[in-house]
Number of protein chains: 2
Amino acid sequence: MRHKTGDMNSMDEMDSAVTERGLLSERIRKALTDEITAGVLQPGSALDEQQLALRFSVSRTPVREALRQLSNGGLVEIRPRRGVFVTRLSPERIMEMFETAAEVEALCVRLATYRVTPMERAKLVELHEASGLMAESGDVDAYDRFNRDFHVLIYQATHNGFMREHAVSLRNRLDAFRRTQLRQSGRILISRIEHAEILAAMAEGDGEQAARRMRAHLLNAATAFSRFVADHSAPESALSD
Amino acid sequence: MRHKTGDMNSMDEMDSAVTERGLLSERIRKALTDEITAGVLQPGSALDEQQLALRFSVSRTPVREALRQLSNGGLVEIRPRRGVFVTRLSPERIMEMFETAAEVEALCVRLATYRVTPMERAKLVELHEASGLMAESGDVDAYDRFNRDFHVLIYQATHNGFMREHAVSLRNRLDAFRRTQLRQSGRILISRIEHAEILAAMAEGDGEQAARRMRAHLLNAATAFSRFVADHSAPESALSD
DNA sequence: TCGCCTAGGATTGTATACAGAAACGGATCT
DNA sequence: AGATCCGTTTCTGTATACAATCCTAGGCGA
C-alpha cells in the first residue's frame with residue numbers, strides 16, 4: 001500500500017459553469033490555506049468577506065464557512081463583529097509550536113518502537129532508502145513529500161488512530177515553516193542522517209533513545225528555521241509596525 | 001472623572017433569556033456541546049438543521065456555523081450533502097483518546113517539573129490541599145472543577161502557550177468520560193493520592209518520574225472508565241439489536 | 001416476482017436581503 | 001489646537017429565498 005498523502009489537488013482548470021463535486025467552502029478553504037502558508041496573505045492583514053466572495057465569484061456564505069474552518073486550524077483569528085485577520089505568529093509562538101511538535105513526535109516514535117509491525121518497519125526502511133536520491137539531487141519538494149510520509153508512517157505505527165490524527169494535524173500546521181528550513185543548504189542531508197539514527201534506535205528496540213533522537217531532529221529543524229528567519233527577514237522587518 | 005454619557009454598553013447580564021450579548025452561533029455551539037457530552041443527543045443520531053433552528057428559535061445560518069465548529073472539535077461528523085451526525089465513539093476509540101491524553105499530560109508534567117516557578121508550585125500545592133475537603137465530602141462536581149484547574153496549571157507551568165492550548169483542547173474532549181469514571185466509589189480518593197505522588201516527584205525535580213506517574217494516573221482513569229462501561233452497558237447491549 | 005428507472009419530497013448548499021454594531025470623519029465646543 | 005460628540009458608512013451577523021442533490025417510493029419492463 002503506497003498511497004501518497006500529498007497529492008496535488010489542482011484540478012481547477014475545468015469550466016466554472018459546472019458545479020464541481022466538492023463544496024465551494026472546501027475549495028475556498030484550500031485556496032486560502034495555500035495563500036496564507038505561502039505568504040501571499042500577510043500575517044495581520046484583514047480578510048474582508050465581501051472582497052473574498054468577489055474574488056472567488058461566490059457569495060459570502062461559503063467564504064464565511066471557509067474562514068470559520070481556518071480559524072479552528074489557527075491560521076486566522078476571528079474577532080467577533082470586528083473581522084477576520086491572518087494570525088500573526090511571533091517567533092516565540094513558532095518555537096513553541098516546534099517544541100510541542102517535537103515532544104509529540106518523540107512520544108509517537110517511542111510508542112511506535114514498541115508496536116511497529118515488521119511490514120511497517122520494512123516500509124520505513126524502504127522510504128528512507130528511497131530518499132537518498134532526493135537528498136543527492138537536492139529535490140526539496142520530493143524530499144518534503146517523503147519526509148511527510150516517513151513521519152506519518154511512524155504515527156501510524158503507534159497503532160493509535162487518534163494519536164495519528166492529532167500528530168498529523170500538528171504537522172500540517174508547521175508544514176510551511178518546515179519547508180522553509182529544509183531549503184537551507186545541507187539541511188536535507190542532515191535530516192536524512194537523523195532519520196537513519198532514529199531508525200537505528202527503533203531497530204534496537206530502544207524507544208527512549210528513538211524518542212530523544214526524534215526530539216533532537218525536530219528541534220534541529222526549529223533551530224534551522226530560527227536561523228533562517230534571523231538571516232532573511234531581519235532587514236525587512238526592521239521598519240514594519 | 002466619569003461622564004454621564006448615554007453609553008450603556010456596560011450592562012453585563014448573565015441571564016440566557018433575551019441577552020444579545022454573544023453570538024448566536026456561540027450560544028448554540030455551547031448548548032449542543034453540553035447536550036452531546038451529557039448524552040442527551042445520542043451517538044449516531046442525525047442533527048437536522050431546520051429542526052435545531054426551530055428549537056433555538058433562530059435561522060439555519062447560526063445553527064450551521066455551530067455545527068461546523070462542532071465538527072472540528074470531533075463531536076459531530078459532517079457528511080457533505082448527507083447531513084450531520086453525532087460522532088459514534090467506539091470503546092477502542094475512547095481508549096485511544098485516553099492513551100493520547102495520558103502521553104500528552106505526561107510530557108507536560110515532565111516539562112513543567114523543569115520549568116515551574118515557585119509561585120506556580122505553591123499554587124499547585126494549595127489547590128491540592130484544598131481538594132481534600134471535596135474528596136472527603138464526595139462532592140464530585142467540585143472535585144471535577146479542581147481536577148481541571150490542577151491539570152491546567154501543570155500545562156501552564158510548561159511555559160509553552162501552544163502546548164497548553166493543545167492539552168486543554170484534548171482534555172475538553174475527554175471531560176465527559178472523565179466525569180463518568182470519577183463517580184465510581186473510591187476513585188476520587190485514589191485520584192487525590194496519585195496527584196500527591198505527582199507533586200512529590202515534581203518537588204524532587206524528577207521529571208521522568210512525574211511523567212510516569214502522570215501517565216499511570218490517566219491510564220488508571222481510563223481503566224476505571226472502561227470498567228464502568230463494562231459494568232453498566234454490557235447487560236443492556238448483550239442481546240439488543 | 002424481481003430489478004431498473006424515474007418522479008417526488010426532503011434536506012443540504014448557496015445566494016441574496018436586511019439589521020445592528022464598530023470604524024471613520026467632520027463639525028462643534030473648551 | 002485638541003478632544004469630543006454625532007452622523008455616516010462599511011462590514012459583520014442573521015434571516016430568508018432559491019437551487020442542487022440525495023433518499024424514497026412507485027411504476028414499468030423483463
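Per chain, numbering begins at 1; letters A, B, ... match sequence-line order.
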*Asks:* Indicate whether any N or O donor in one side chain lies under 3.5 Å from an N or O acceptor in the other, for A/Arg29 and A/Gln69.
*Replies:* no

*Asks:* Will you find, in the side chains of B/Glu120 and B/His159, an N or O donor that is under 3.5 Å from an N or O acceptor?
*Replies:* yes

*Asks:* Should B/Arg148 and B/Asp175 count as an ion pair when the cut-off is N to O under 4.0 Å?
*Replies:* yes

*Asks:* Using a 6.0 Å distance limit plus a 45 degree cone around the ring axis, check whether A/Arg27 lies over the aromatic ring of A/Phe56.
*Replies:* no

*Asks:* Can you tell me if A/Glu105 and A/Tyr155 form a side-chain donor-acceptor pair at under 3.5 Å?
*Replies:* yes

*Asks:* Tell me, for nucleotides 11-18 of chain C in 5' to 3' order, what letter each nucleotide earns: B for a base near a protein heavy atom under 4.0 Å, S for only sugar-phosphate near one, - for neither?
*Replies:* SBBBBBB-

*Asks:* Which whole-number value in Å describes the distance from A/Leu67 CG to D/dT12 P?
*Replies:*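 From A/Leu67 CG to D/dT12 P: 9 Å.
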
*Asks:* Taking the six-membered ring for Trp, are A/His217 and A/His151 parallel (under 30°), tilted (30 to 60°) or perpendicular (over 60°)?
*Replies:*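 The arrangement is parallel - the two ring planes meet at less than 30°.
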
*Asks:* Is it possible for you to check whether A/Arg79 lies under 6.0 Å from the centre of the six-membered ring of A/Phe85, through NZ or CZ, and within 45° of that ring's axis?
*Replies:*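 Verdict for A/Phe85: a cation-pi partner in A/Arg79.
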
*Asks:* Compute the bend angle of the helix from C/dT1-D/dA30 to C/dT30-D/dA1 from the end axes (five pairs per end), rounded to 10°.
*Replies:* 10°

*Asks:* Within a 6.0 Å radius of atom CD on B/Glu35, are there more than 12 heavy atoms belonging to other residues, nucleotides or ligands?
*Replies:*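 Yes, the 6.0 Å shell around CD holds more than 12 heavy atoms from other groups.
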
